[in-house]
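Below is one structure, written out as structure tokens; the observations come after it.
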Amino acid sequence: MQTHLRGRDLITLQEWTKDELDTLVDVAFELKRQRALGVAHPYLRDKVLAMLFFFSSTRTRASFEAGMAQLGGHAQFIESRSTQIAHGDTAKEIGEILGRYNDGIAIRQVDWEVGNAYIRDVADASRVPVLNMQDDLFHPHQALADLLTIIERFGDPRGRTVTVSWAYAASYQKPISVPQSLMLLLPRYGVNVRLVHPPEFALLPDLVEQAQDNARRARVGFEIMDDFEAGCRDTDVVYAKSWGALTTTTDAEEGARIIARYADWITDERRMAMANDDAIYMHPLPADRNVEVADAVIDGVRSVVYDQAENRLHGQKAVMALTMG
Ligand code: CP
């Protein structure tokens, strides 16, 4: 267990060692137990987290804010549109200034080819930890919550197979941050990954290579497939969500035309029945109901979507307590 995490940024989980991630998992479950028992755990009394959002959120905002309160501190909610960022505040200035007011800075900035670079620029200028609440490339706190959920359901995840699949949703070109974070993290926990998507929805090649390298080191499988049903067959987890064809086109209309070709990529009961008997259905939410996933699946007994959402709270509290304490 590596416990010297005070002051660390969490921009990607790939930048944390396995020992450090094990500490996060351990502390997250401990904080979850303490909350269930009604044991107060004010490890961040009088500390303040700035939460800067360039994009909407339900779970991320609510769980970070609740988490800071439960740790004895406070979270300030800042929307970019009500700041002076549009009038010239640079990433360096945000890092310098919010870093002097606060004990941590959390940022959601998902604009393609902007978000991750922006968060890193803020981190370079900040004297306090910077936490990635989702960018264009990564959603580390979602992947951490997903790992906690898989461990809760299966115990030791080694040898399990997780299908990380694209699914149809007409709403907009969603970020590729969730599948990229999952494909990188899960092999490090001994999980076989099936990455399933139509050809236009490829993830970034250098990150796929990193994920394959993680899988080689862990001696687990890493398959890239383009057949949704083959991906569902005999798997332990169907984690199917929509993402944009962003590595093919950043044009919204062209992206929508490509997405429309695959309207039958919905997780329904027939496809869930192809998975193992104890298989679970996962989704980070929000989901396009009866487009991306059938009600019968997302509301069914195999669905763990509310556990995933709850585990955002416990995972993030572990990150904050360890980095901001
Ligand atoms: N899963 C997730 O990040 O949810 P929000 O977009 O509502 O924060």
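Read the numbers this way: they start at 1 and go in the same order the structure lists the ligands and their atoms. Computed over heavy atoms, backbone and side chain alike; hydrogens, waters and symmetry mates excluded.
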the protein heavy atom lying closest to atom 7 (O) of ligand 1 turns out to be Thr58 N, 2.7 Å
- request: Decide whether Glu20 and His4 meet the rule of one side-chain donor and one side-chain acceptor closer than 3.5 Å.
  value: no
Atom 2 (C) of ligand 1: closest protein heavy atom, distance to 0.1 Å, is Arg312 NH1, 3.4 Å
Quick note on ligand 1: atoms under 4.0 Å from a heavy atom of Pro284 include exactly 1 (N)
Hits for salt bridge (charged side-chain N to carboxylate O under 4.0 Å, His left out) against Arg270, two or more places apart or cross-chain, chain-then-number order -> Glu229
Q | NZ/NE/NH1/NH2 to OD/OE distance under 4.0 Å, Arg188 and Asp22 | A | no
For ligand 1 and Gln134, I'd like to know whether there is a polar contact (N/O to N/O, distance under 3.5 Å). no
ask   = When you measure from the side chain of Ser181 to the backbone N and O of Ser177, does any donor-acceptor pair fall under 3.5 Å?
value = yes
Ignoring angles and geometry beyond distance, decide whether Leu285 reaches within less than 3.5 Å of ligand 1 through its nitrogen or oxygen atoms. yes
Hey, does Arg61 come in under 3.5 Å of ligand 1, counting only N/O atoms on both sides?
no
Residue, atom and distance of the protein heavy atom nearest atom 4 (O) of ligand 1 read Arg59 NE, 2.9 Å
Q) Can you check whether Asp135's main-chain N or O pairs, donor with acceptor, with Asn132's side chain at less than 3.5 Å? A) yes
Review point. With the threshold set at 4.0 Å, does a side-chain nitrogen-carboxylate oxygen contact exist between Glu15 and Arg8?
Key: no
Regarding Gln142 and Asp146, is there a side-chain donor-to-acceptor distance under 3.5 Å anywhere? yes
Atom 6 (O) of ligand 1: closest protein heavy atom, distance to 0.1 Å, is Arg108 NH1, 2.9 Å
| said: Quick check on His139 - does any of its heavy atoms sit under 4.0 Å from an atom of ligand 1? | reply: yes
Would Ser56 count as being in polar contact with ligand 1, using the rule that some N or O on each side must be under 3.5 angstrom apart? no
Item to check | Gln109 side chain to Asp136 side chain, donor-acceptor N/O pair below 3.5 angstrom | outcome: no
Near Gln142 (heavy-atom distance under 4.0 Å), the atoms of ligand 1 are 1 (N), 2 (C)
